[in-house]
There are 2 protein chains.
Amino acid sequence: MAKQTQMLKGVLEGCILEIISQEETYGYAVCEQLVQAGFSHINEGIVYPILIRLEKKGWLLAEKRPSPYGPKRKYYRLTEMGERERNEFILHWTETKGRVDQIFERRISDENA
Amino acid sequence: MAKQTQMLKGVLEGCILEIISQEETYGYAVCEQLVQAGFSHINEGIVYPILIRLEKKGWLLAEKRPSPYGPKRKYYRLTEMGERERNEFILHWTETKGRVDQIFERRISDENA
DNA sequence: CTTTCTATATGGCATTACCTAGTAGCTATC
DNA sequence: GATAGCTACTAGGTAATGCCATATAGAAAG
């Protein structure tokens, strides 16, 4: 339980950037999408602080619009800087994934040798 | 540069467990393998503290043996607990990878729809 | 002997960002 | 008018853990 926490570091931010990049959306919905993707323990208290942080960094722009069901929604979209950061995340994520997988795949090729 | 740092959290430990699990080895060599896998900025000052930490947790056992080239090497191998932790890491890593990839793949299926 | 390569150790920092828990406000339903 | 679901926000805790600088030392080479 504490193990995944560490593994999330730096990953959540990237995922949120990606979700917003796919479609202008708001915090509550971002949260639902993360849960749906399997990050089942993620809740609003985790997502909102990240959203605010990203907005402060200038990676997101926000705009409030009424909701048919509750208080106003705060819709986010990526700025140009945000797009750049998202692309960098993809790069780093792909690299890291490749490196880790390479280490684990060595076992298989060893067994075949 | 600070970006990958966050992404490494929890991952480095798992990689080191895996490397040692594949073959009894020592810190300096672990370091070389990580560099070879692409973690090119990793150095002894990063690896040794992790090794010592893992030993203290009871996941590794150490034994010193002479080296033909320098001071004695400290060879590590996994304990039973270490094996369990390694398996847990694989589980969490696979899960996390799947979740992140799912979020990014949604874009592709959207574009096809 | 000085340098270089091999090899281990460690104190402290950064530090950040995840997580809990709680507040509050709007809409709809019953 | 009470409950339930939707929506946003904040304070504070914390703890892990990657990273750096530095020291030490054996062996080979020049």
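Per chain, numbering begins at 1; letters A, B, ... match sequence-line order. Since this is a predicted model, take the numbers as computed values, not measurements.
- As a whole-Å value, the separation of A/M7 CE from D/dG18 P is 11 Å.
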For nucleotides 21-30 of chain D, give me one character per nucleotide, 5' to 3': B if any protein heavy atom sits under 4.0 Å from the base, S if the only such contacts are to the sugar-phosphate, - if neither. B---BBSS--
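- Distance CG (B/L54) to P (C/dT8): 15 Å, rounded to an integer number of Å.
- Contact check on A/R99 versus A/E95 returns a salt bridge, with a Lys/Arg side-chain nitrogen under 4.0 Å from an Asp/Glu carboxylate oxygen.
- One interatomic measurement links the two molecules: OH of A/Y75 to C1' of D/dC6, which rounds to 12 Å at whole-angstrom precision.
- As judged by a 4.0 angstrom heavy-atom cut-off over every strand, B/K74 is placed among residues touching the sugar-phosphate backbone only.
- Between C/dA17 and B/Q6, a contact under 4.0 Å exists linking OP1 or OP2 to a side-chain N or O.
- By the 4.0 Å N-to-carboxylate-O rule, B/R53 lies close enough to B/E13 to be salt-bridged with it.
- Of the candidates B/R84, B/M81, B/E83, B/R86, B/W59 forms a side-chain contact (heavy atoms from CB on, under 4.5 Å) with just one, namely B/M81.
- Distance NZ (B/K9) to C1' (D/dT14): 13 Å, rounded to an integer number of Å.
- Checking D/dC19, D/dG18, C/dT8 against the side-chain heavy atoms of B/I50 singles out D/dG18 as nearest.
- When distances are taken from the side chain of B/Y26 to each of D/dG18, C/dC19, C/dT8, the shortest belongs to C/dT8.
- Shortest non-hydrogen contact noted between B/I42 and B/I46 is CA-CD1, 4.0 Å.
- Taking 4.0 angstrom as the limit, B/Y28 places a side-chain polar atom (N or O) nearer than this to OP1 or OP2 of C/dT6.
- For residues 27-50 of chain A, no residue pair satisfies the salt bridge (charged side-chain N to carboxylate O under 4.0 Å, His left out) rule, not counting sequence neighbours.
- One interatomic measurement links the two molecules: CG of B/L60 to P of C/dA9, which rounds to 12 Å at whole-angstrom precision.
- For C/dA17, neither phosphate oxygen OP1 nor OP2 lies less than 4.0 angstrom from any side-chain nitrogen or oxygen of A/T5.
- Heavy atoms of B/I42 sit under 4.0 angstrom from primed sugar atoms or phosphate atoms, though from no base atom.
- Rounded to a whole Å, the NZ atom of A/K56 is 11 Å from the P atom of D/dC9.
- Distance CZ (B/R53) to P (C/dG12): 17 Å, rounded to an integer number of Å.
- Judged by closest nucleotide on DNA chain D, A/R73 is the one of A/I52 and A/R73 placed further toward the 5' end.
- For D/dC9, neither phosphate oxygen OP1 nor OP2 lies less than 4.0 angstrom from any side-chain nitrogen or oxygen of A/Y48.
- The neighbour count for A/K72 NZ, taken as heavy atoms of other residues, nucleotides or ligands under 6.0 Å away, does not exceed 12.
- What you find for A/Y48 and A/Y28 is that their closest heavy atoms are OH-N, 3.6 Å.
- Atom C1' of nucleotide D/dC6 and atom NZ of A/K64 are separated by 14 Å, given to the nearest angstrom.
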